[in-house]
Amino acid sequence: MKHIMNQNISIIGGGITGLTTAIALGQKGIPCTVYEQASELKEVGAGIWLQPNAIRVLDILGLKPKIEANGSLIDKMEITNPQLIPHKELTSDMATDRYGNKTIGIHRAVLQEILFKKASETAKIHFGKVYQKHEQRDTHIEVMFQDETIETDILLGADGLHSKVRTTLFPEAETRSSQQMCWRGIVQFPLPSELKNKGKESWGKNLRFGFSEIDRNDMVYWFAVRKGEQNDKSGAELANLFSDFNPIVSEIIKATKNIHFGALDDLKRLKKWHMGNVGLIGDAAHATTPNMGQGAGQGIEDALYLAHYYALTRNMEETYSAFENKRRKKVDYIVNNSWTFGNLAHNTWGQKILTTIMKLSPSSVLKKQMAKVYTVDF
Ligand SMILES: Cc1cc2nc3c(=O)[nH]c(=O)nc-3n(C[C@H](O)[C@H](O)[C@H](O)COP(=O)(O)OP(=O)(O)OC[C@H]3O[C@@H](n4cnc5c(N)ncnc54)[C@H](O)[C@@H]3O)c2cc1C
């Protein structure tokens, strides 16, 4: 049996988690191969908020300056009424971790490119490789792609919410529908100065609209959520839904050329994230609804800890035992709270309860709650 550090590692999925894991392994001097189904590097035309915990990890991996230079710093994250008036005035230190990291909004494609370039320094990355299934043999794992079969010692599934690696490992695993649908877009839209460097999520009746800048050239990312929606809408129809909101909301929607529509689902809790030499990471292991803006952040944290424990342990059983022990509590907290938060936000009474709690909670209590999510004690 080869020592764990001499075993070859194959990662299925070249998304945020897969590429960050390749980078974190590379930092430990461990090469790996990433297999991505897409024929080239591409991401949906949307932005993403990388919160302080994600930025802390990306800093450890040497990527913070690039992310900062290509994204937009968000000083405050605010939940507001439809007129964009915050339910509670938050100070900017509440959105900052103890190292001074703040949330950064960035274009997903730009983030993907930064991760890809860094990962390519130590990992082989193959595109157009569609994983189908794998089988454990006596000495190795056989991985079947659409066009070839390869052998590997260790297999990591970073293939997202609808992971096929997970289906092979745990066929009983199920996704969960929140019944909420989401529209997303990016648009060049100069924001007035009072909206710059802020992430806003505005709540109306069964509707949410969030936005922020994602670079220094007036590029704005936005998302809109509605519960119970079955069908996509044109930009004009969607803008119409938000006619009671601050007019800038409909203006942003109407100015957007390409709008993406999709469901907000998560994954029912898995009992285990691995079996033998096959492990799951990121959304494949613990997809969450995006109501706390933490899905990618958790995949990024996985990458750091998995590489850390891999380098310290003797076999995958030990690696995953330490990894799951470290990661479970935080991931469960985020998946559960995000789910509850999303449900309350689309219910009149739920909104009232949440906004009252926000208003009445002292800033020190809210800060403590944020710190729970933002802290990476590494
Ligand atoms: C509307 C919305 C908004 C969000 N906003 C935020 C946010 O602001 N902040 C945040 O932190 N998170 C956010 N998230 C969550 C975040 O997008 C995900 O958690 C993150 O993308 C997960 O990364 P991943 O690499 O684990 O999975 P994915 O991004 O799903 O990547 C999986 C990769 O695997 C590849 N793949 C899949 N199947 C195969 C196969 N069979 N063979 C080979 N390759 C395969 C895919 O092509 C893809 O490249 C949001 C999610 C949604 C839906």
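Atoms within a ligand are numbered from 1 in the order they appear, just like the ligands themselves.
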Colleague: Side chain, backbone, both or neither: which applies to Ile12 and ligand 1 if a contact is any heavy-atom pair less than 4.0 Å apart?
Modeller: side chain
Colleague: For Trp49 and Phe223, take the angle between the two ring planes, folded into 0 to 90°, and tell me which bin it lands in: parallel under 30, tilted 30 to 60, perpendicular over 60.
Modeller: perpendicular
Colleague: Taking both backbone and side-chain atoms of Gly297, is any N or O found less than 3.5 Å from an N or O belonging to ligand 1?
Modeller: yes
Colleague: Hey, is Ala296 touching ligand 1 through its side chain, its backbone, both or neither, going by heavy atoms under 4.0 Å?
Modeller: both
Colleague: Run the ring-centre check on Tyr374 versus Tyr99 and record whether the distance is less than 6.0 Å.
Modeller: no
Colleague: With sequence neighbours left out, which residue pairs that include part of residues 302-311 fulfil the side chain to side chain donor-acceptor pair (under 3.5 Å) condition?
Modeller: His286-Asp302, Asp302-Arg327, Tyr305-Asp377
Colleague: For atom 5 (N) of ligand 1, tell me which residue out of Arg108, Gln294, Arg184, Gln132 has the closest non-hydrogen atom.
Modeller: Arg108
Colleague: Between Phe145 and ligand 1, which residue portion shows a heavy-atom distance shorter than 4.0 Å: side chain, backbone, both, or neither?
Modeller: neither
Colleague: Would you say atom 29 (O) of ligand 1 has a protein heavy atom nearer than 4.0 Å?
Modeller: no
Colleague: Please indicate whether any nitrogen or oxygen in Glu36 is less than 3.5 Å from any nitrogen or oxygen in ligand 1.
Modeller: yes
Colleague: Identify every side-chain donor-acceptor pair in residues 332-340 under 3.5 Å, counting partners at least two apart or on other chains, and give the distances.
Modeller:
residue: Asp332; atom: OD1; partner: Arg269; partner atom: NE; Å: 3.2
residue: Asp332; atom: OD2; partner: Arg269; partner atom: NE; Å: 3.0
residue: Asp332; atom: OD2; partner: Arg269; partner atom: NH2; Å: 2.9
residue: Asn336; atom: ND2; partner: Asp332; partner atom: O; Å: 3.1
residue: Asn337; atom: ND2; partner: Tyr333; partner atom: O; Å: 2.8
residue: Ser338; atom: OG; partner: Thr289; partner atom: O; Å: 2.7
residue: Ser338; atom: OG; partner: Thr289; partner atom: OG1; Å: 2.8
residue: Ser338; atom: OG; partner: Asn291; partner atom: N; Å: 3.3
residue: Thr340; atom: OG1; partner: Asn336; partner atom: O; Å: 2.9

Colleague: May I ask which of Gly13, Gly18, Ala158 has a heavy atom nearer to atom 32 (C) of ligand 1 than the others do?
Modeller: Ala158
Colleague: Using the six-membered ring wherever Trp is involved, compare the ring planes of His134 and Tyr131 and label them parallel, tilted or perpendicular (cut-offs 30° and 60°).
Modeller: tilted
Colleague: Are Phe209 and Phe242, when compared by the centres of their aromatic rings, separated by less than 6.0 Å?
Modeller: yes
Colleague: Given Thr17, Leu41, Ile281, identify the one with the heavy atom nearest to atom 25 (O) of ligand 1.
Modeller: Thr17
